Amino acid sequence: MKKRIERILQDTLQLSIREGYLNETPDPNFAIQIPADPRHGNFATNLAMIIAGAQKNSPKKIAEVLIEHLQDRDNLISKTEIGGPGFINFFIEKEKWYEFLGTVIALGDKYGESNLGKNEKIMVEFVSANPTGPIHLGHGRGAALGDSLCRVLNFCGYDARREFYINDGGRQVKILGESVYSRWKQLDDPAYPFPDNGYQGDYVKDLAIEVSNKTNLEDLDYNTATNLLSDICKEQILEGIKEDLINFRINFDFWYKESKLYSSGKIDTTIKVLEQRGLLYEKDGALWLKTSLFGDDKDRVIKKNDGELTYFATDISYHFDKWERGFKRVINIWGADHHGYVDRMKAATKAEGIPENWLDVLLIQLVRLWEGGQEVKMSKRAGRYVTLSELVNDVGVDAVRFIFLSKDNNSPIDFDIDLAKKKDSENPVYYVQYAHARICSVFRKAAEQGLKLPEDPGQYFSLLDTEEELSLIRKIAEFPSLVEEIAVDLAPHRLTYYLAELAGNFHRYYNKHRIVIEDIHLSMARLSLSMAVKIVIKNGLGLLGVNAPEEM
RNA sequence: GCGCCCAUAGCUCAGUUGGAUAGAGUGACGGACUACGAAUCCGUAGGUCGCAGGUUCGAAUCCUGCUGGGCGCGCCA
């Protein structure tokens, strides 16, 4: 609907200029909004006010001109008004809303899809947790966001893929091996020293017991033993991570190992490319990249004076590889504590000759847990933190995903476990799911009375004449443009609020008007409307990765 | 010291490239089941949009300066 209004306005503006009713004006960036106050119409635009300056005329005069030459070929608009300082308000022909309702039902689970992305290849890289311990809440938040973004992007016609980058080559894996070794030694000798920067969690002790039972460590020297433990444990932890993610309904398309960058020679190639571009230099025995030429505060080391590559070097190479794999855009989801890294990473991609804006980095803020009115204090360094699987086992996938996705990524989340566990109205997840289950229940009831949706329900829609019914249809009509906006803004949290509103509208409607009644025709009409609501809730929850249950 | 993010109802948060009278949930109080699921609905109360300037027809939104909080500033990963 919104798009049709936009089209009409574009045509009207062009025609007005072409025919000389208005002066030539640069392409205006006008908005179409749904007014908060229904008296201001179904849609409103600020177009007249936006171009008033360039037209050297009052917004109201311009609005009059535009209305007079309105290019409404389909007779979509029943009435226009000029309001406030120069808004043009549009009222849509009721019949057009009924037609729209018919298309929603016909489209079913395709309602809301679009071809916005034109099959463009996008990579979303997220979670990418080190294989040194189980994934925690922050990873879970990133996982929910990345996965939902991919769902939305694919729904909008992009070719979006999920990728997990495995840091299996760095020092942290070595430290994991040393930590496990130490815990194994401590089984006999509690005084055996533990590495200063070792991993503290209890899972390290569990690994020590488990692996030492299967592997003979006694005869190995320290280096051999710790290396062996590193290899075994990182694989085992990675399996656990994969399992946690699958339980969280996330299926990655690609698992990309850092070690592959070394073995495939990608890193050497990348360094050569940068060398050829004249962007490298040596100083203090180290190799530096001139990132400061591309917006970074200062240049960065990619090879240390001991000959080892930095983490940054592998990351540059990794991103060059993403580019070579043909992705037209890349979205990285990082914890906010990595924000200092964003500028240098973007600078590095530019240094590699990759276009500006190719890389988007979404930073996610902290998740704080609350239980029994108190914050659950966590400290990763001390190994005291709640894992994603613990939380999911406690409150369920649907609630965790919905709550994680209900906030903008830039806002910290206070996650109230008690509230998330509640299966009633206080919990927004259940509020939305209940609307869906309730509609399914109504259809079961209708079926008992021999009622079901006819092939062509459109003939009854004109019976939907109450304000509640018309506003429900309008709400349903917002869905496609909202989904597109979410794909552009990378902001799936808006969907949670929309779904709660839609569910609320339906619950109110349900309480006020009976759906299955003696009047068969009116029942058909109301069942159709209910079906459309059900479709949007199901499609919307699907984009969040949340189930739409038929019974609860 | 420099940089990024945040500040909206008692609490948790929305607020769509600046739009018309700033919203929702929750908490508090009071109501609604002899009919489709009361896991719901209706009503009341609640605001100096952190503070001070600026930009304009119009600012919670943009700019500047403050205050308060989170995070980051390594030849660590």
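Fair warning: this is a prediction, and the values are worked out from it, not measured in the lab. Every chain is numbered from 1, with letters handed out A, B, ... down the list of sequences.
The two atoms that bring A:Pro28 and A:Ile50 nearest to each other are CB-CG2, 4.2 Å, heavy atoms only.
Distance A:Gln365 CD to B:G72 P: 11 Å, rounded to the nearest Å. The distance from atom CG of A:Asn410 to atom P of B:G72 is 16 Å, rounded to the nearest whole Å. Separating the CD atom of A:Glu178 from the C1' atom of B:C76 is a distance of 15 Å, rounded to the nearest angstrom. Between the C1' atom of B:C71 and the NE2 atom of A:His338 lies a distance of 12 Å, rounded to the nearest Å. One atom, NE2 of A:His493, and another, P of B:C6, lie 12 Å apart when rounded to the nearest Å. In this entry the distance linking CG of A:Leu363 with C1' of B:G3 reads 13 Å, nearest Å. A:Ile166 has its CD1 atom 19 Å from the P atom of B:A77, to the nearest Å. Distance, A:Ile34 CD1 to B:U16 P: 13 Å, rounded to whole Å.
Under the stacking definition used here (centres under 5.5 Å, planes under 30°), the residue A:Tyr510 qualifies as stacked on the base of B:C36. With centroids closer than 5.5 Å and planes inclined by less than 30 degrees as the test, A:Phe87 and the base of B:A20 pass as a stacked pair.
RNA chain B forms stems at B:1-5 with B:69-73, B:10-13 with B:23-26, B:28-32 with B:40-44, B:50-54 with B:62-66, each a run of 3 or more consecutive Watson-Crick or G-U wobble pairs whose two key distances fall under 3.5 Å.
For A:Arg508, the side-chain atoms get nearest to B:C42 when compared with the rest of B:A77, B:C42, B:C75. Of all nucleotides listed (B:U17, B:C57, B:A20), B:C57 comes nearest to the side chain of A:Met49. For A:Asn29, counting side-chain heavy atoms from C-beta on, the closest listed nucleotide (B:A77, B:U17, B:A20) is B:U17. Looking at the side chain of A:Lys304, the nearest of the listed nucleotides B:C5, B:C4, B:A77 is B:A77. The side chain of A:Thr310 lies closest to B:A77 when the candidates are B:A77, B:C13, B:C71. Nearest to the side-chain atoms of A:Asp408 among the listed nucleotides B:A77, B:A20, B:A14 stands B:A14. Side-chain atoms of A:Pro35 lie closest to B:A20 of the nucleotides B:U21, B:A20, B:C42.
The phosphate of B:C5 (OP1 or OP2) has no side-chain N or O of A:Lys407 nearer than 4.0 angstrom. The side chain of A:Ser406 places no N or O atom within less than 4.0 Å of a non-bridging phosphate oxygen (OP1 or OP2) of B:A24. For B:U40, neither phosphate oxygen OP1 nor OP2 lies less than 4.0 angstrom from any side-chain nitrogen or oxygen of A:Arg438. OP1 or OP2 of B:C36 has not a single side-chain nitrogen or oxygen of A:Tyr509 nearer than 4.0 Å.
In this structure, A:Lys350 fails the cation-pi test against A:Phe294, since its NZ or CZ atom is not both closer than 6.0 Å to the six-membered ring centre and inside 45 degrees of the ring normal.
Rounded to whole Å, the P atom of B:U8 lies 15 Å from the corresponding atom of B:G70. Across B:G47 and B:A14, the matching C1' atoms stand 15 Å from one another, rounded to whole Å. Rounded to the nearest Å, the gap between the C1' atom of B:U16 and that of B:A32 is 35 Å. Going from the P atom of B:U44 to that of B:C11 covers 23 Å, rounded to whole Å. To the nearest whole angstrom, the two C1' atoms, one in B:U34 and one in B:A24, are 35 Å apart. If you take atom P in B:G3 and the same atom in B:G65, they sit 9 Å apart, rounded to whole Å.
With hydrogens and angles ignored, the 3.5 Å screen pairs a side-chain donor or acceptor of A:Thr310 with a backbone N or O of A:Val301. A donor-acceptor pair is defined here as one N or O able to donate and one able to accept, closer than 3.5 Å; such a pair exists between the side chain of A:Ser230 and the backbone of A:Val173. In terms of modelled atom types and a separation under 3.5 Å, the side chain of A:Glu81 and the main chain of A:Asn89 share no donor-acceptor contact.
Both A:Leu366 and A:Lys283 lie near RNA chain B, and the one whose nearest nucleotide falls closer to the 5' end is A:Leu366. Sequence order on RNA chain B of the closest nucleotides to A:His40 and A:Asp489 puts A:Asp489 first from the 5' end.
For A:Asn46 against B:A20, a side-chain-to-base donor-acceptor contact under 3.5 Å is absent. Side-chain N/O atoms of A:Asp414 and base N/O atoms of B:U12 include no donor-acceptor pair closer than 3.5 Å. Below the 3.5 angstrom threshold, one finds no donor paired with an acceptor across the side chain of A:Arg368 and the base of B:U12. A:His339 contributes a side-chain N or O that forms a donor-acceptor pair with the base of B:C71 under 3.5 Å.
Of the charged side-chain nitrogens involved, at least one lies within less than 4.0 Å of a carboxylate oxygen, so that A:Glu485 and A:Lys2 count as a salt-bridged pair.
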Task: Criterion salt bridge (charged side-chain N to carboxylate O under 4.0 Å, His left out) on A:Lys283 and A:Asp299, from CA distance to verdict - done: CA-CA 11 Å; A:Lys283 193 180 85 178; A:Asp299 295 340; over 6 Å; no
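Under the 3.5 Å distance criterion, with hydrogens and angles disregarded, no donor-acceptor pair is assigned to the side chains of A:Lys538 and A:Asn547.
Within 4.0 Å (heavy atoms only), A:Gln172 reaches sugar-phosphate atoms of the nucleic acid but no base atom. Nucleic acid contact class of A:Asn305 (heavy atoms, under 4.0 Å, all strands): base. Using a 4.0 Å heavy-atom distance criterion, A:Gly340 is classed as a sugar-phosphate-only contact.
Rounding to the nearest 0.5 Å gives a distance of 11.0 Å between OG of A:Ser317 and NZ of A:Lys260.
Qualifying side-chain hydrogen bond (donor to acceptor under 3.5 Å, both in side chains) partners for A:Arg368, counting only residues two or more places apart in sequence or in other chains: A:Asp414.
Under the 90° criterion around 0 for the glycosidic angle, B:C71 counts as anti.
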